[in-house]
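Here the structure is laid out as structure tokens; the discussion comes afterwards.
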Amino acid sequence: MLDIKRLRKEPEQVVEALGRRGVQVPMDEFTRLDRRRRELLVEVEEKKALRNRASGEIAAAKRSGGDAAEQIEAMKQVGEEIKQLEDVLRDVERQLDDIVMELPNPPLPDVPTGDDESANVTLRSHGEPTVFDFQPKAHWDLGAELGIIDQERGTKVAESRFTLLKGLGARLERALINFFLDLHTREHGYTELFPPILVNSESMRGTGQLTKFAQAEMYKLRDDDLYLNPTAEVPVTNLYRDEVLEEAQLPMHVTAYLPSFRREAGAAGRDTRGLIRQHQFNKVELVKFVMPETSADELESLTANAEEVLKRLELPFRTVTLCTGDLGFASAKTYDLEVWLPSYDGYKEISSCSNFLDFQARRLGIRYRPADGGKPRFLHTLNGSGLAVGRTFAAIIENFQNEDGSVSVPEVLRPFMGVDRID
RNA sequence: GGAGGGGUGGCGGAGUCCGGCUGAACGCACCGGUCUUGAAAACCGGCAGAGGCCCUGCGGUCUCUCGUGGGUUCGAAUCCCACCCCCUCCGCCA
């Protein structure tokens with residue numbers, strides 16, 4: 001949620017920044033409603049002050065055995081007026097809220113302007129696209145031949161976009177999760193969490209998953225106010241909702257493995273084969289709660305932590321800065337990590353690392369008390385995948401495939417796999 | 001699922017039956033000060049959050065907040081209704 005005070009104090013900057021995202025701020029309407037709100041507030045509060053004063057006097061009169069009937073009668077009238085004004089005020093505040101809640105996070109100045117992904121800027125790349133001296137296969141074909149991916153049976157027990165992993169496939173999935181978590185906890189200093197996989201609507205709303213557009217993506221339980229987790233960002237970021245942390249607790253770096261579920265409502269016909277776009281997928285998430293002054297640096301290190309996974313797996317990838325048009329609603333700046341996928345003859349997103357500044361924290365009410373004892377301030381939140389497991393699985397199968405249809409196991413995974421090839 | 005108890009400030013804990021100078025006693029923690037060679041103890045003082053208005057540096061003032069949302073009333077932490085959550089016992093169960 002955008003800081004309404006910022007919209008008042010520096011409207012030009014906000015309008016300019018959001019303009020880069022192609023968002024029109026209804027500034028005139030905002031100003032009108034905002035002014036109206038404050039007028040009403042002053043009026044209501046004056047009447048309330050009057051009533052409070054009178055109540056005190058009534059109490060005093062009664063205690064000394066006096067008669068306060070006249071004043072009580074007058075206050076009845078004032079009470080009515082307050083009630084009416086409050087109705088109007090509530091309505092104005094709702095309209096204001098509708099405007100502010102629909103505004104996305106203004107992008108940071110160093111985010112490139114653009115309409116869509118074609119304007120994203122490649123920041124750096126690691127490794128070269130894998131070259132084969134034979135015709136490489138897509139992971140869905142290779143996986144089926146190896147008997148480690150069974151799409152048909154996944155569909156049989158659930159529906160399409162669900163997959164069964166078997167044998168060394170199931171083990172590879174588990175190995176990746178363990179490798180990711182071990183790296184982030186033992187070497188990158190993150191604390192491991194395992195949160196609930198069902199989350200309530202308040203949590204979903206807090207991280208912005210229940211907007212008009214996002215809602216259709218979520219699996220909702222019929223009999224309870226619960227949803228299947230769409231990304232560990234939701235349960236993890238909500239951990240400290242409505243709390244005031246101590247500065248000494250910051251920065252807080254946490255990681256969580258969690259199955260994630262998405263309906264992929266708008267993706268009919270896209271990535272229909274293989275593990276790239278599934279209704280259920282595993283992901284290891286990185287989340288940070290940090291001091292405002294440090295969030296820019298924290299985004300760099302978060303991204304580096306995610307990149308390290310790909311480096312150790314010896315997978316070619318590149319890091320791109322998303323342009324304004326490709327940014328998520330709550331993000332002020334995002335780096336995507338894209339892994340080389342031979343079957344796509346291109347790079348495919350495997351991690352998305354974002355700095356939300358205080359946008360999420362404001363909506364969620366997550367603050368910290370400065371060490372000097374000052375007023376609580378909103379902290380900054382960041383998150384990134386570290387990494388998406390299914391897409392990593394696909395990338396390994398495809399990039400490490402051999403001519404005989406076997407797949408070599410990346411060096412770092414061998415301790416987890418117990419074998420050096422899948423065949 | 002059944003029965004009972006309970007949700008108050010950073011924490012503990014009064015107040016709720018009998019509505020009114022109670023945004024909330026008291027204690028702990030924390031911050032500042034006095035004392036001390038230093039520290040502790042003791043003593044003095046401060047110490048919830050959000051929003052509005054005035055001044056716009058300090059500050060002043062008002063409103064709201066005692067799980068959440070309604071209601072009664074001139075006035076609600078205190079009364080009424082609904083919901084949420086927690087605890088104990090029983091039942092069930094991985």
Side-chain angles (χ1 to χ4, degrees), chain A residues 1-10 30-97 99-101 194-206 210 221 223-227 235 238-250 252 259 289 358-379:
Chain A
M1 186 170 73
L2 191 65
D3 184 359
I4 192 162
K5 283 190 223 154
R6 190 172 157 204
L7 199 49
R8 280 207 282 257
K9 254 187 266 169
E10 41 193 58
F30 170 81
T31 309
R32 185 179 62 78
L33 287 167
D34 189 48
R35 192 170 301 143
R36 182 85 182 108
R37 181 183 93 94
R38 279 183 284 176
E39 284 168 7
L40 286 164
L41 257 184
V42 169
E43 213 178 327
V44 169
E45 290 186 359
E46 272 171 4
K47 287 193 192 294
K48 283 184 174 174
L50 171 69
R51 184 178 66 182
N52 287 344
R53 232 176 297 125
S55 289
E57 286 162 20
I58 291 169
K62 290 217 164 171
R63 220 175 304 112
S64 59
D67 176 40
E70 200 175 305
Q71 245 180 332
I72 288 176
E73 207 44 49
M75 286 309 109
K76 264 186 196 174
Q77 177 64 31
V78 172
E80 275 310 308
E81 292 168 13
I82 290 174
K83 210 168 274 182
Q84 282 173 24
L85 282 171
E86 277 184 330
D87 285 343
V88 180
L89 181 62
R90 209 186 333 264
D91 187 54
V92 169
E93 283 183 332
R94 214 206 64 246
Q95 293 180 56
L96 257 183
D97 230 47
I99 291 177
V100 177
M101 291 298 269
F194 192 77
I197 302 176
L198 295 179
V199 292
N200 59 34
S201 57
E202 205 178 332
S203 298
M204 292 284 273
R205 217 180 328 265
L210 287 189
L221 270 65
D223 295 329
D224 300 277
D225 178 35
L226 292 168
Y227 295 77
N238 272 281
L239 288 176
Y240 300 105
R241 165 153 48 89
D242 294 322
E243 289 192 33
V244 180
L245 306 177
E246 295 300 326
E247 179 174 329
Q249 291 176 268
L250 304 179
M252 203 179 286
F289 301 90
D358 62 1
F359 195 85
Q360 280 186 331
R362 175 167 288 104
R363 186 194 277 231
L364 288 162
I366 310 178
R367 295 173 296 170
Y368 75 97
R369 188 176 298 281
D372 64 15
K375 288 273 180 193
R377 301 169 65 199
F378 288 111
L379 47 71

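Every chain is numbered from 1 and lettered A, B, ... according to where its sequence line falls, protein lines coming before strand lines.
For B:G52, one of the phosphate oxygens OP1 or OP2 lies less than 4.0 angstrom from a side-chain nitrogen or oxygen of A:Arg8. Phosphate proximity of B:G10 to A:Arg369: absent, as no side-chain N or O sits under 4.0 Å from OP1 or OP2.
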Q: For nucleotides 59-72 of chain B, just jot down a letter per nucleotide in 5' to 3' order: B, S or -, based on protein non-hydrogen atoms under 4.0 Å.
A: ---BBS-------S
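The heavy-atom pair separating A:Gly79 from A:Arg51 by the smallest distance is CA-NH1, 4.5 Å. Looking at every heavy atom in both residues, A:Ile366 comes nearest to A:Tyr240 through CG1-O, 3.4 Å. Looking at every heavy atom in both residues, A:Leu33 comes nearest to A:Val92 through O-CG1, 3.5 Å. The shortest heavy-atom contact between A:Lys375 and A:Pro370 is O-CD, 3.1 Å.
Counting only Watson-Crick and G-U wobble pairs whose two distances sit under 3.5 Å, RNA chain B takes part in these stems of three or more pairs: B:1-7 with B:84-90, B:10-12 with B:26-28, B:30-34 with B:42-46, B:48-54 with B:59-65, B:67-71 with B:79-83.
Both A:Met75 and A:Pro376 sit near RNA chain B, but only A:Pro376 has its closest nucleotide nearer the 5' end. Nucleotides of RNA chain B nearest to A:Gly56 and A:Arg37 differ in position, and the one nearer the 5' end is that of A:Gly56.
Taking atom C1' in both B:U34 and B:C53, one finds a spacing of 40 Å when rounded to whole Å. When the C1' atom is used for both B:C93 and B:G5, the distance is 25 Å, rounded to whole Å. One P atom belongs to B:C92, the other to B:C80, and the distance between them is 36 Å to the nearest Å. Distance check on atom P: B:A25 versus B:A48 gives 10 Å, rounded to whole Å. When the C1' atom is used for both B:G67 and B:U78, the distance is 16 Å, rounded to whole Å. When the P atom is used for both B:G13 and B:G6, the distance is 14 Å, rounded to whole Å. Only the C1' atoms considered, B:G70 is 25 Å distant from B:G15, to the nearest whole Å. Taking atom C1' on both B:C31 and B:C47, the two are 7 Å apart, rounded to the nearest angstrom.
Using a 4.0 Å heavy-atom cutoff across all strands shown, A:Lys375 reaches sugar-phosphate atoms only and no base atom. Across all strands shown, A:Arg36 has no heavy atoms under 4.0 Å from either base or sugar-phosphate atoms. Among the atoms of the strands shown, only primed sugar atoms or phosphate atoms (P, OP1, OP2) are found under 4.0 Å from some heavy atom of A:Leu41. If you check every strand for non-hydrogen atoms under 4.0 Å, A:Lys47 touches nothing.
Between A:Lys62 atom NZ and B:U73 atom C1' there is a gap of 10 Å when expressed in whole angstrom units. The separation between A:Glu81 atom CD and B:C74 atom P is 14 Å, rounded to whole Å. The separation between A:Glu243 atom CD and B:G9 atom P is 13 Å, rounded to whole Å. Between the CE atom of A:Met1 and the P atom of B:A50 there is a distance of 13 Å, rounded to whole Å. Going from atom CD of A:Glu43 over to atom P of B:G52 covers 17 Å, rounded to whole Å. Whole-Å rounding puts the A:Gln71 CD to B:G20 P distance at 19 Å. Atoms CD1 (A:Ile58) and C1' (B:A76) sit 15 Å apart, rounded to a whole Å. With rounding to whole Å, A:Glu247 atom CD is found 14 Å from B:C31 atom P.
Remark: the A:Glu73 side chain and the A:Gln77 side chain contain no N/O donor-acceptor pair separated by less than 3.5 Å. In this structure, a donor-acceptor pair under 3.5 Å is present between the side chains of A:Asn200 and A:Ser203.
Not a single ring-ring contact (aromatic ring centres under 6.0 Å, His included) links A:Phe30 to another residue, sequence neighbours left out.
Distance check, rounded to the nearest 0.5 Å: CG of A:Leu379 to CG of A:Asp358 gives 9.0 Å. Separating the CG atom in A:Leu89 from the CZ atom in A:Arg38 is a distance of 13.0 Å, to the nearest 0.5 Å. Atom CZ of A:Arg90 and atom CG of A:Asp97 lie 13.0 Å apart (nearest 0.5 Å).
Considering only heavy atoms from C-beta on, A:Glu39 comes within 4.5 Å of A:Arg35 through its side chain.
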